[in-house]
Amino acid sequence: MSLLVHSVGPACTMQDLGRPGFLDQGLSRSGAADQLALYEGAALLGQNPGCASLEMAGMGGVFEATQNIWIALTGAPMFASIDDNPVVWNASHPLLKGQQLTIGAVQQGNYGYLHVGGGFTTNRFLGSRSAHLTADIGEAVKVGDKLRCNPVTGDAAVKLHTANRFTGGTLRVVPSFQTPLFDKTILDRFARTEFERGARANRMGMQLDSEGEGFSAKGQLNILSEVITPGDIQMTGSGNPFILLPECQTTGGYPRIATVIPCDLPRAAQTPTGAKVQFEFVSLDEALILQGAYLTELSKLPSRVEPLIRDPYDIPDLLSYQLISGMVSANE
């Protein structure tokens, strides 16, 4: 079973939860930029969130089913249709043999996700199916590819209500190793500043712009390279902050003013160009409580799916359904 790729955006890759544990060997985690989207897709299809999905950065594509399969669409909303009939985002749908799924440009956010029942079955490397293009692991999906998937069938189309994380907002951060190198006045100004996500961004990181002078640390030219991780906020020589994302380098010498807590990374990654971002410092204890609550919410996602009620006007084969289950006599 597979999806045949008729057209596809230039930055579509297979992603799962990534491959943690290899920082000491110079390999960052990679994995989905918005991991919450993987849990949402798993809830819609009743499967493990570790299944590989297609991450679509900015643009989707056209995909044809070679056999009957089930799909789900999560993450940044994109216009989607099956054989030119619009379908709902944040929902699961049957895709019958020969039908074409068309996914257009992103409407909000940056990364949309296409899931299939059972997950895509690409080759594993170091325990993950995630492409990591900066490390030359895997490759972007291209026209003509057949995306293999497991033979899993679904029961009924369902939907999931999600909070909007695609327009920027407040990102909660904890102090990092070099936070003490920034004067209190600079830290206070950093927390008060409304940043704008710049155009320089990819799966390694995203630049933030702001008015006024930059943010510098004491003795920042003498900082030794240290281990870094997704969520770290580096200050470049220009004083512009960069939020590091899944394919970030594993060591770096730029001072880190703070680190975005893991449960806010999906919002950070989905912040579109030009959207506003502000930072709120929290203590490590507060961050642990917030992360615990986030994990609890992830575990509850499967219980929050609802039946997807389709509009009869959007069902081209309406007459093929049994719309009346029985009859009674009016005379009785």
Side-chain angles (χ1 to χ4, degrees), residues 8-20 23 27-42 49-61 72-78 89-90 103 105-115 119-120 122 128-135 137-141 162-169 171-173 197-208 228-234 241-250 259-275 277 294 298:
V8 69
C12 295
T13 57
M14 286 297 166
Q15 299 294 338
D16 56 22
L17 296 177
R19 47 181 69 82
L23 286 178
L27 182 63
S28 54
R29 186 196 73 212
S30 187
D34 179 357
Q35 292 200 356
L36 176 53
L38 297 191
Y39 283 86
E40 292 167 342
C51 290
S53 301
L54 181 65
E55 181 179 273
M56 302 169 289
M59 178 65 71
L73 303 165
T74 68
M78 301 170 162
W89 204 260
N90 289 321
I103 302 176
V106 69
Q107 298 170 328
Q108 282 185 318
N110 298 306
Y111 299 98
Y113 294 83
L114 168 60
H115 315 263
F120 290 103
T122 57
S128 171
R129 302 185 192 276
S130 289
H132 191 331
L133 301 186
T134 55
I137 298 173
E139 58 185 13
V141 172
T162 62
N164 186 340
R165 59 181 184 275
F166 311 108
T167 56
L171 301 176
R172 293 160 297 185
V173 298
R197 208 211 82 166
R200 294 184 62 192
N202 55 23
R203 283 179 45 83
M204 292 184 67
M206 50 185 277
Q207 178 180 313
L208 300 178
I228 56 178
T229 186
D232 280 347
I233 305 173
Q234 288 187 323
F242 265 83
I243 302 177
L244 301 183
L245 296 177
E247 287 187 8
C248 65
Q249 66 274 28
T250 56
T259 300
V260 178
I261 63 177
C263 57
D264 282 2
L265 276 178
R267 178 179 294 276
Q270 293 285 17
T271 298
T273 301
V277 167
Y294 172 73
L298 291 184

Residues forming a side-chain contact (heavy atoms from CB on, under 4.5 Å) with N110, sequence neighbours excluded: R197, Q270, P272
Taking only residues two or more places apart in sequence, or in another chain, which ones meet T13 in a side-chain contact (heavy atoms from CB on, under 4.5 Å)? Q15, E55, A131, L133, A140
Answer yes or no: is there a side-chain heavy-atom contact under 4.5 Å between [X] and [Y]?
X	Y	result
I228	T250	no
T271	I243	no
M204	L245	no

Over all heavy atoms of both residues, which pair between [X] and [Y] is shortest? Give the atoms and the distance, please.
X	Y	answer
I137	L27	CD1-CD1, 3.8 Å
F120	S53	CD1-CA, 3.9 Å
S130	G31	OG-CA, 3.4 Å
P266	L36	CG-CB, 4.1 Å
N90	E40	OD1-OE1, 4.4 Å
P246	R29	CG-NH2, 3.7 Å

Backbone of [Y] reached by a side-chain donor or acceptor of [X] within 3.5 Å:
X	Y	value
T74	A37	yes
R129	D16	no
Y113	D34	yes

Could you go through C51 and H115, starting from their C-alpha distance and side-chain angles, then the distance that decides it, and tell me whether this counts as side-chain contact (heavy atoms from CB on, under 4.5 Å)? CA-CA 8 Å; C51 290; H115 315 263; over 6 Å; no
Whether the R203 and S30 side chains hold a donor-acceptor pair (N or O, under 3.5 Å, no angle test) is what I'd like checked. yes
Go through the side-chain N and O atoms of T259 and D232 and say whether any donor and acceptor fall under 3.5 Å apart. yes
Audit row: M14, L54, side-chain contact (heavy atoms from CB on, under 4.5 Å) steps and yes/no: CA-CA 5 Å; M14 286 297 166; L54 181 65; 4.2 Å; yes
Nearest-0.5 Å distance that lies between atom [atom1] in [X] and atom [atom2] in [Y]:
X	Y	atom1	atom2	answer
L23	Q249	CG	CD	11.0 Å
L208	I233	CG	CD1	7.5 Å
M56	L73	CE	CG	6.5 Å

Partner set under salt bridge (Lys or Arg N to Asp or Glu O under 4.0 Å) for R172, not counting sequence neighbours: D264
Stepwise side-chain contact (heavy atoms from CB on, under 4.5 Å) test for F242 and R200: CA-CA 9 Å; F242 265 83; R200 294 184 62 192; 4.1 Å; yes
